[in-house]
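Structure record follows, encoded as structure tokens.
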Amino acid sequence: MSAAQQHRRTRTNRIARAAAVAGTGAAVLAVSLIGATGASAATPTQAKTAAAATVYPNNLDGWIRESLHVMAQKGIPGTYNGIYRNIIRESSGNPNAINLWDSNAAKGIPSKGLLQVINPTFNTYHVSGTSWNIYDPVANITAACNYAAARYGTIDNVFGAY
């Protein structure tokens, strides 16, 4: 076959093919992106369900983390380290600790729980959404941190009996 008989691609034909290939690539990319974003986007209901499904361990670490979660929702300042430091000093991590020898105990209102809170303080600084049981670890921590925030700015500023 001679060169004159071979099929010649015209410039217009080459441009049309290039546009078709580019268009197909863009369409594939667009479909991929739409599918990827649609598949990973969570609805507000799904996000609430995921947050509500969080289960904290029933130990000191879990109680502190759950309290921090409640505190964040209520705008109560405090850090894990500040809470932990005060719990260890006050109760050694025993949620059923009760002080029967200090001045509060002498007045008939002993300090109770992880952060050694007296009943009047617990009742005043109780945080909605937590138990009304002063021995409940999360309620005790959260109420004590709420009190500390009002009195000292944050539980992180407490380094002794409060």
Any heavy-atom pair between the side chains of Y84 and L60 that's under 4.5 Å?
yes

Looking only at heavy atoms, which two atoms of G113 and S91 are closest? And how far apart?
O-CB, 3.6 Å

Between CD on residue Q73 and CG on residue L68, distance to nearest 0.5 Å
11.5 Å

Under 3.5 Å, side chain of S92 to main-chain N/O of N94, donor-acceptor pair present?
no

Interatomic distance, CG@D102 vs OG@S111, rounded to 0.5 Å, equals 4.5 Å

Heavy-atom distance under 4.5 Å between the side chains of L114 and Y135, does that happen here?
no

Between OH of Y152 and CG of N157, what distance do you get to the nearest 0.5 Å?
10.0 Å

Qualifying residue, where the test is side-chain contact (heavy atoms from CB on, under 4.5 Å) with K112 and the options are N104, N119, N99:
N119

To the nearest 0.5 Å, what is the distance between CD1 (I134) and CG (N96)?
12.0 Å

Measure the spacing between CG of D156 and CD1 of I83 and express it to the nearest 0.5 Å.
7.5 Å

Residues which pass side chain to side chain contact (heavy atoms under 4.5 Å, CB included) with A143, listed by chain and number, not counting sequence neighbours:
F122

Is there a chain of hydrophobic side chains (I, L, V, M, F, W, Y, each step under 4.5 Å between heavy atoms) that links I118 to L100?
no

Keeping H126 on the side-chain end and S131 on the backbone end, is there a donor-acceptor pair under 3.5 Å?
yes

Would you say the side chain of Y56 lies within less than 4.5 Å of the side chain of V138, judging by non-hydrogen atoms?
no

Under the side chain to side chain contact (heavy atoms under 4.5 Å, CB included) rule, collect the residues that match up with R151, sequence neighbours excluded.
Y147

Check for me, please, whether I64 and M71 land in the same ILVMFWY cluster - side-chain distances under 4.5 Å, paths through other members count.
yes

Give the cluster check for F159 versus L115: same hydrophobic cluster or not, with ILVMFWY residues linked at side-chain heavy-atom distances below 4.5 Å.
no

T130 versus V127, closest heavy-atom pair with distance:
OG1-O, 2.6 Å

Could you tell me if the side chain of T54 sits less than 4.5 Å from the side chain of H69, heavy atoms only?
no

Closest heavy-atom contact between N140 and Q116?
OD1-N, 4.3 Å

Can you tell me if W132 has over 12 outside heavy atoms packed within less than 6.0 Å of its CH2?
yes

If we count only N and O atoms by modelled type, under 3.5 Å, do the side chains of W63 and D136 hold a donor and an acceptor together?
no

Looking at OG of S67 and CD1 of I155, how far apart are the two atoms once the value is rounded to the nearest 0.5 Å?
10.5 Å

Can I109 be reached from Y125 by stepping across I, L, V, M, F, W or Y side chains whose heavy atoms are under 4.5 Å apart?
no

Donor-acceptor side-chain pairing of T142 and K74 below 3.5 angstrom:
no

Between Y80 and D61, is any side-chain donor less than 3.5 angstrom from a side-chain acceptor?
yes

